[in-house]
Number of protein chains: 2
Amino acid sequence: MDKEPTTATKQRMLDAGLTLLLEQGYHGVGVQAVLDAAQAPKGSFYHHFNDKEDFALQVVDAYMTGVHAALDASLSDSSRAPLDRIRGFFELVSQGYEHDGYLGCLLGGLGQELSGASDVFATKIDWCLGYIAGRLAEPLGEARARGDLTVAEDPAVLAQRLVECWEGAALHSRLLRDPSPLPAMLDFYFRAITRVPDDG
Amino acid sequence: MDKEPTTATKQRMLDAGLTLLLEQGYHGVGVQAVLDAAQAPKGSFYHHFNDKEDFALQVVDAYMTGVHAALDASLSDSSRAPLDRIRGFFELVSQGYEHDGYLGCLLGGLGQELSGASDVFATKIDWCLGYIAGRLAEPLGEARARGDLTVAEDPAVLAQRLVECWEGAALHSRLLRDPSPLPAMLDFYFRAITRVPDDG
DNA sequence: TGACGCCTAGACCGTATGGTCTAGACCACT
DNA sequence: AGTGGTCTAGACCATACGGTCTAGGCGTCA
């Protein structure tokens, strides 16, 4: 972590960028809008960031900082069963969505918008989602070792599916501006990999 | 179907729009780019469309025309089991994705990009995805009636989950420019609602 | 106190954008 | 032949965009 200290102005711009990019997307947000929201002049923007793309990438980094924190907070709690830890992670994430008015996931949003035209973003977002899946694979492996799972698939693969499912539910949540698809999808996913389905 | 006949020029613009919007998104595509791709002058664009938003909405309609065709073609084949018909639908959709270079789903793309700032688009895309889910609910209901399902949930709810799962896989496919998440997700989903998982 | 580096400040620039406007080609109908 | 509607054609406009540039405030260290 040999990062420079990140001045207050830069942090304000990143914070504003997080909100604005989530709501309006990359091309929907002008540099000026970030400046206005962060109460900063243009000079500061181009002092701290090479260009708009660099800015957005750093916003993604800032977003991932929060994700890391949520992952660490949830997955390390060894008093809970592995699958419960995963659930805890997504509950934290959901709380973040609530705070933003249920606009879904920044990674999904920017990924959809930019990955068709920008390899840089496609690679970055894919890496981020893959990282999350990688972290979730560990408790999934634990769960399998404990015999909690009723499916035999590689935990890494199961984790990929989980993240994909979540992103799909997050899109629906964004369209509805409503959280309901999120826990519904989690329930569906966990039932799929654990309990034998019951047709009662 | 009391639609006006849609001139060749208008159709060229819609076709170009489909490709361009899928690749670059709404804000990433200028009207001029559509004009160039369709070899049409600006006058034609604003003759056939009120504005850029109207154009994009009509591109979505054109996209849905293809979806309807795929739904009709797949779901009506009563010689196949209901779940096989659903699989057939997504196989057709996948072929469309292949044709476009695995850029995912236009509905997911525009939904993510625009639904934060435009209620019109949010509502429209949600309606489209809901319509697809509605169509898929029928064969799911049939499957349940036949005893093919091992879950008791409402077919409409299961169909919602399916569409969400698919959109999540389509995003991953787009990021990777690779189809592999699509059949993987379908396998996961169908296993979840049918066969008892096997830990062999 | 002078010099240097970091950061703020905002005027300014070239370009591309969405959208308008007028002119005219083409076709059907009378 | 004349007329009206549909569609093509592209010059044109105001604005907003991403990005550059110079100037100045401010703290630090010699």
Side-chain angles (χ1 to χ4, degrees), chain A residues 2-60 62 110 113-114 116-121 124, chain B residues 2-60 62 110 113-114 116-121 124:
Chain A
D2 49 353
K3 282 278 196 64
E4 64 272 21
T6 302
T7 67
T9 304
K10 180 175 184 180
Q11 193 59 53
R12 275 203 320 279
M13 292 192 281
L14 289 174
D15 290 344
L18 224 135
T19 302
L20 289 170
L21 289 178
L22 183 61
E23 184 179 327
Q24 330 218 35
Y26 181 81
H27 288 114
V29 173
V31 172
Q32 192 57 54
V34 177
L35 267 27
D36 293 346
Q39 303 238 70
K42 211 156 208 181
S44 295
F45 187 92
Y46 286 95
H47 172 74
H48 291 292
F49 309 106
N50 297 332
D51 51 22
K52 195 188 172 187
E53 172 173 324
D54 179 41
F55 170 68
L57 290 169
Q58 290 200 42
V59 169
V60 171
L110 293 182
E113 181 183 357
L114 300 172
S118 158
D119 281 346
V120 178
F121 273 98
K124 171 121 195 164
Chain B
D2 50 351
K3 281 281 196 60
E4 63 273 22
T6 302
T7 67
T9 304
K10 181 175 184 182
Q11 193 58 53
R12 276 204 318 281
M13 291 192 282
L14 289 173
D15 290 345
L18 224 136
T19 303
L20 289 170
L21 289 178
L22 184 61
E23 184 179 326
Q24 328 217 37
Y26 181 82
H27 288 114
V29 173
V31 172
Q32 192 58 52
V34 176
L35 267 25
D36 293 347
Q39 302 238 68
K42 210 157 209 181
S44 296
F45 187 92
Y46 285 96
H47 172 74
H48 291 292
F49 309 105
N50 296 333
D51 52 21
K52 193 188 173 188
E53 172 174 322
D54 178 43
F55 170 69
L57 290 170
Q58 291 201 39
V59 169
V60 171
L110 293 182
E113 179 183 357
L114 299 173
S118 160
D119 281 345
V120 178
F121 273 98
K124 171 122 193 162

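Just so we're on the same page: letters track the sequence lines, and every chain starts at 1.
Across the protein-nucleic acid pair, Leu35(A) atom CG and dC7(C) atom C1' stand 14 Å apart, rounded to whole Å. Protein atom NZ of Lys52(A) is 16 Å distant from nucleotide atom P of dA16(C), rounded to whole Å. In this structure, His47(A) atom NE2 and dA9(C) atom C1' are separated by 13 Å, rounded to whole Å. Taking atom NZ on Lys10(B) and atom C1' on dT8(D), their separation rounds to 15 Å, with Å as the unit. Whole-Å rounding puts the Gln32(B) CD to dC17(D) P distance at 20 Å. The distance between atom OH of Tyr46(B) and atom P of dA23(C), rounded to the nearest whole Å, is 21 Å. Atom pair His27(B):NE2 and dG18(C):P shows a separation of 9 Å (rounding to whole Å applied). One interatomic measurement links the two molecules: OH of Tyr26(B) to P of dT17(C), which rounds to 13 Å at whole-angstrom precision.
In this structure, the nucleotide among dG18(C), dG18(D), dC7(C) sitting nearest to the side chain of Val31(B) is dG18(C). Distance from the side chain of Thr9(B) is smallest for dT8(D) among the nucleotides dG18(D), dT8(D), dC7(C).
At dT8(D), one or more side-chain N or O atoms of His48(B) fall inside 4.0 Å of OP1 or OP2 (strictly under the cut-off).
When all heavy atoms of Gly17(B) and Val59(B) are compared, the closest pair comes out as C-CG1, 4.0 Å. Scanning all heavy atoms of the two residues, the minimum distance from His27(B) to His27(A) falls at CB-CB, 3.2 Å. Taking both residues in full, the closest heavy atoms of Ala117(A) and Gln24(B) are given as CB-OE1, 4.3 Å, listed atom of the first, atom of the second, then distance. Listed here is the closest heavy atom pair of Val29(B) and Leu21(B): CG2-N, 4.1 Å.
Ring planes of Phe49(A) and Phe55(A): perpendicular class, angle over 60° (limits at 30 and 60°).
Residue Lys42(B) is classed as a base contact, given a heavy-atom separation below 4.0 Å to a base. Looking at heavy-atom distances under 4.0 Å, Val29(B) makes contact with sugar-phosphate atoms alone, never a base. Residue contacts shown for Gly43(A) include a base, since a base heavy atom lies under 4.0 Å away.
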